[in-house]
Amino acid sequence: MCGIIGCVGRGDETLDTLVHGLSKLEYRGYDSAGVAMASGGVDLCKTAGKIEDLRDALSSVSLSGSVGIGHTRWSTHGPPTNANAHPHQDCTGDVAVVHNGIIENYQSLRDELVSAGHTFTSDTDTEVVPHLIEDELADGAAPEAAVRSAISRLEGSYAIATVIAGTEAVFAARHDSPLVLGLTEGATFLASDVPAFRDFTDQVIYLDDGEFARLDADGWAVSTLDGSPVEKEVNVVEWDPEETGKSGYDHYMLKEIHEQPRALRQCLRGRVDEMAGTVDIEDLGDLSPTGVQFVACGTSYHAALYGAQLFREAGIPAQAFLASEYATAVPPIGDALVVGVTQSGETADTLSALREARKRGARTMAVTNVVGSTAARECDHAFYIRAGPEIGVAASKTFSTQLAALNLLMLGMTNEEGAREVIAALRELPGNVQRILDESNAEAVAETYRDADSYFFIGRGYQFPVALEGALKMKEITYKHAEGFASGELKHGPLALVTENTPVFAVVTGDGEQARKTVGNVKEVEARDAPVVAITDGQSDVGRYADHVLELPETHPRAAAVLANTHLQLLSYHTAALLGRNIDKPRNLAKSVTVE
Ligand code: AGP
């Protein structure tokens, strides 16, 4: 939540660099935005609204300075108003601060500062920081010492960047919120995420919790908050800046849906040996756990449900937990592995569950898309889904690659019978997804049901998480009511909601017992006049009871889940487009949820 950026060394380009970086971070929040630049004084411009609104606001002011910071906000404390937009300033206007996270002790700090005579102009927790710095400066501290001292008083989560009048430097610190430095000859950047400066450099340094950075004309220095120097490794980012553009698509989400064949190929590359029927994840070492617990949120939780089923089928006890509920879950037993499934690697609920698992003595693993993310660095093991950058707030290609990666993980850790068939199906997956992208009639179905009151999604086994995901995607980007159910559950209550204006999307693959039972559930809704859309490979007779069919090729049920989901992604996307929704930036949401 929230994106922050800072840069030093860009001369006259400083303001443009900041605004460009914010536009790349807008997926992290888009309630308000602002920038501050420092030279002799601090110049600032901020506004409620999106980066476009900030550009408009900047057209009527003049900002100067060679160092700067910027922010795009997802509100936690206070509504998205001009006053609550970052950067925030102290009483003198000499200090400007941007922050991502939540300062838990802000109320007591604010009370103390107000009693000491400070005037606050926003409802935010962040505003305590510039006032604390102001006090330190007034007491004679040098700028860097003043910032360190102020930050040492904060409790909670933060990635903070600040500029101070008369100081040609940006100071930054992190605790439980991401911060990464970008390095070039002559210029240094910091940001919540690499896309903010990826157009300028692929050389990055990931800050760890408790670290402090100084960016100035001499370059950069990282230390602990109390000043001990820290040696940092410079990493090279492997993806291309072009991957974060829209490449001619109307929306990032549509582009990312269409990138799935490539993303899946990247995920599989070098990891499967089809001839031998084996998967190579040797770089993870010998894992052999006695059980697996998955923790995740949202779409990643749906992938975790699928993953738990994979491991159970291979004979390893496995459960999936909503990360935010993990604290009350049964502790891991024996030599268990706790796997956090998290695209961003920065989701606060998931990080907190993984930390809890470590406290309980479990080994941990991150299944993530982001190299260098907090989850990847904090866990004992990291397994990358290799989807490439995903900008649309609604997860699409990362879900498909999570499912593929979880298959690889399971096959690499077990001797499951039938591995050869699964591997063959995974190999065919990119081509089969491409076929669906080329041939799906989901857009026509979206047109037919665009005015529905509510959308229901049902499935069994591997298709149950797909039903949940289909509903989540529909809710997120269309703002319409949608629910996903295990097919058998419909008759235990939700059937009361079924009418001729509630289309039911049934994912039915194969012709086994699960398919037959779901066909029975389809008949139940059809008898109550609900329109039925079958997402099916045609092996069962579900098509007889359906008003529309979204076709799947025959394949392994695990691969069919990815294919069915592709149709459902397109269905939600086209419904949202017909309704004129803000598809890449749905209201009230953010890509990376870094608060609990
Ligand atoms: C999915 O479309 C959502 N944006 C959301 O549910 C997301 O999957 C969830 O916040 C978890 O994110 P993560 O994978 O980055 O941990």
Side-chain angles (χ1 to χ4, degrees), residues 1-3 26-30 74 176-178 192-193 195 251-254 256-257 260 263 294-307 320-326 339-355 364-376 378-379 382-403 405-406 457 465-466 468-479 482 484 565 568-569 571-573 576 581-596:
M1 338 250 48
C2 301
E26 210 176 7
Y27 72 90
R28 301 178 66 87
Y30 31 83
W74 186 84
D176 281 353
S177 291
S192 303
D193 198 0
H251 298 95
Y252 280 111
M253 186 183 176
L254 189 60
E256 288 156 4
I257 289 172
Q260 289 178 117
F294 289 94
V295 292
C297 307
T299 292
S300 296
Y301 173 66
H302 302 152
L305 285 170
Y306 172 101
F321 296 94
L322 286 167
S324 55
E325 292 293 318
Y326 184 66
V339 178
V341 184
T342 167
Q343 180 283 127
S344 62
E346 300 295 347
T347 300
D349 288 325
T350 307
L351 293 176
S352 160
L354 287 166
R355 287 170 192 150
T364 54
M365 175 186 287
V367 173
T368 185
N369 194 29
V370 182
V371 177
S373 60
T374 304
E378 286 190 4
C379 286
F383 190 57
Y384 294 104
I385 62 172
R386 301 181 185 162
E390 187 177 71
I391 306 297
V393 165
S396 56
K397 63 177 176 172
T398 54
F399 180 66
S400 308
T401 44
Q402 281 170 341
L403 301 193
L406 288 169
F457 297 81
V466 172
L468 295 178
E469 177 59 10
L472 178 65
K473 217 83 309 175
M474 188 62 100
K475 278 182 232 185
E476 276 188 295
I477 61 169
T478 71
Y479 313 156
N565 183 62
L568 297 182
Q569 291 169 343
L571 171 84
S572 297
Y573 173 82
R581 304 297 192 231
N582 191 346
I583 293 176
D584 285 332
K585 294 176 196 142
R587 69 184 177 204
N588 304 336
L589 301 181
K591 183 75 180 161
S592 177
V593 184
T594 57
V595 292
E596 286 186 68

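Just so you know, these numbers come straight off a predicted model, no measurement behind them. Both counts, for ligands and for their atoms, begin at 1 and track the order of listing.
Side-chain polar atoms of T299 and E469 form a donor-acceptor pair below 3.5 angstrom. Residues S300 and Q402 have side chains that bring a donor and an acceptor to within less than 3.5 angstrom of each other. Under 3.5 Å, the side chains of T478 and K473 contain no donor-acceptor pair of N or O atoms.
For atom 16 (O) of ligand 1, the closest heavy atom belonging to the protein is T347 OG1, 2.5 Å. Atom 10 (O) of ligand 1 has as its closest protein heavy atom V593 CG2, 4.0 Å. Here the protein heavy atom with the shortest distance to atom 4 (N) of ligand 1 is V393 O, 2.9 Å. In this structure, atom 11 (C) of ligand 1 lies nearest to the protein heavy atom C297 O, 3.4 Å. In terms of protein heavy-atom proximity, atom 15 (O) of ligand 1 is closest to S344 OG, 2.6 Å.
Formation of a donor-acceptor pair under 3.5 Å by the N565 side chain with backbone atoms of G470 is not found in this model. At least one donor-acceptor pair under 3.5 Å links the side chain of Y30 to the backbone N or O of L589.
Contacts of E476 with ligand 1, taken as heavy-atom pairs under 4.0 Å, involve the side chain alone. At a heavy-atom cutoff of 4.0 Å, ligand 1 is contacted by the side chain of K473 but not by its backbone.
The residues E26 and K585 are annotated as salt-bridged, a charged nitrogen and a carboxylate oxygen being separated by less than 4.0 angstrom. Remark: K591 does not engage D193 in a salt bridge, criterion side-chain N to carboxylate O under 4.0 Å.
Residues P178 and R28 form a side-chain contact, since some pair of their non-hydrogen atoms from C-beta on lies under 4.5 Å apart.
Each of the following atoms of ligand 1 lies closer than 4.0 Å to a heavy atom of S300: 8 (O), 13 (P), 14 (O). Residue-ligand proximity, A394 to ligand 1, at heavy-atom distances under 4.0 Å covers atoms 2 (O). With ligand atoms numbered from 1 in the order given, ligand 1 contributes 1 (C), 2 (O), 6 (O), 8 (O) to contacts under 4.0 Å with heavy atoms of T299.
Among the atoms of A395, some N or O lies under 3.5 angstrom from an N or O of ligand 1. Close N/O approach between T350 and ligand 1 is not found [any backbone or side-chain N/O within under 3.5 Å]. The shortest N/O to N/O separation between A590 and ligand 1 does not fall below 3.5 Å.
Across all their heavy atoms, S373 and T368 have their closest contact at OG-OG1, 3.8 Å.
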